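Everything on this sheet refers to the single structure shown next.
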There are 2 protein chains.
Amino acid sequence: MEPIDVFKALSNETRLNILHWLKEPEKHFPKQGAHLPKEVSIKGGVCVGDIQEKAKASQSTVSHYLNMMQKAGLLESVRYGQWTYYRRNEEAIHQLAEYFKTEI
Amino acid sequence: MEPIDVFKALSNETRLNILHWLKEPEKHFPKQGAHLPKEVSIKGGVCVGDIQEKAKASQSTVSHYLNMMQKAGLLESVRYGQWTYYRRNEEAIHQLAEYFKTEI
DNA sequence: ATTGTATATCGATTTTTTTCGATATGTCAA
DNA sequence: TTGACATATCGAAAAAAATCGATATACAAT
């Protein structure tokens, strides 16, 4: 997890928004999980299409953003069928906050 | 203090290094404060030239970096004669760490 | 006043990032 | 197996950031 990649990922309003939204997915994505059979639980995960709709950017841009944020370590993804669910990587983000406090 | 400006400022290795160096100025800038009469104390401040020498980038680039970091709130500067001393804005950085922990 | 030094700003070029539409890939359903 | 859909990847154009040398500004010392 390269700090610089994390900071780059955070240097954009839309990406920052996505991170925010995913903090309270049920609040910001009311129809969250619509595609999932209820026995499958992808807690806190939201599919790309829902994020795209809210972010108001093109599909390819949002896909790119999510990939970038995942590579930076901020998000993790789970694929279910044709959908990819993204959620925050809370553990990594917590470590990051520690890093920020002690190293920056 | 706009989070995005802060993250942009942190998205560069040299700038990240500068922030690091200024955490322990006496360690990384042995000849620190050489220009200052001892009754003037700019605690933790290092002049642009010293930073430039260590950063190995051009004078204009380093000046630009420092200005950017100051605008982002990470640094503060004091001018003494022909020198500008930059030091960390510890209070702002501390607040930032709090922001990171609670908002990111 | 003139010269030298430190830093800031300007202008231009190169590099990186953003952003998109088009296309490819993978999955589901009929 | 065909068609529809979700997402990923590709390739390109536009926008922004990095970076430099040259020049300006501000101060110091002679």
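Bear in mind that the values here come from a model prediction, so they are computed numbers and not experimental data. The chains referred to below are lettered A, B, ... by the order of the sequence lines, with proteins before strands, and numbering in each begins at 1.
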Handout entry: Beyond-backbone contact of Gln70(B) with Tyr86(B), side-chain heavy atoms, under 4.5 angstrom
Key = yes

Problem - Residue pair Ile104(A) / Leu96(B), side-chain heavy-atom distance below 4.5 Å - result: no

Taking atom [atom2] of [N] as reference, at what distance in whole Å does atom [atom1] of [X] sit?
X: Asn12(A); N: dA17(D); atom1: CG; atom2: C1'; value: 14 Å
X: Glu13(A); N: dA16(D); atom1: CD; atom2: C1'; value: 16 Å
X: Gln52(A); N: dC5(D); atom1: CD; atom2: C1'; value: 13 Å
X: Phe7(A); N: dA17(D); atom1: CZ; atom2: C1'; value: 18 Å
X: Ile4(B); N: dA17(D); atom1: CD1; atom2: P; value: 11 Å

Problem - Among dT18(C), dC20(D), dA8(D), the one nearest Tyr86(A) by side-chain distance - result: dA8(D)

Exercise for the section: Between dT7(D), dT17(C), dT7(C), spot the one nearest the side chain of Cys47(A), thanks. Expected result: dT7(D)

Practice task
Under 4.0 Å between any heavy atoms, over every strand shown, what does Thr84(A) touch: base, sugar-phosphate, or nothing? Just pick one.
Solution key: sugar-phosphate

Problem - CA sep, side-chain torsions, deciding dist, call: Val78(B), Thr84(B), side-chain contact (heavy atoms from CB on, under 4.5 Å) - result: CA-CA 6 Å; Val78(B) 180; Thr84(B) 305; over 6 Å; no

Handout entry: Residue whose closest nucleotide on DNA chain C lies nearer the 5' end, Lys8(A) versus Ser58(A)
Key = Lys8(A)

Problem - Annotated protein contacts, base or backbone, on nucleotides 22-30 of chain C with a non-hydrogen cut-off under 4.0 Å, one of B, S, - each - result: B---BBS--

Problem - Backbone N/O of Phe7(A) and side chain of Ser11(A): donor-acceptor pair under 3.5 Å - result: yes

Exercise for the section: Would you check if the side chain of Arg15(B) reaches a backbone N or O of Lys8(B) as a donor-acceptor pair within less than 3.5 Å? Expected result: yes

Practice task
Answer yes or no: does a side-chain N or O of Thr61(B) lie under 4.0 Å from OP1 or OP2 of dC20(D)?
Solution key: yes

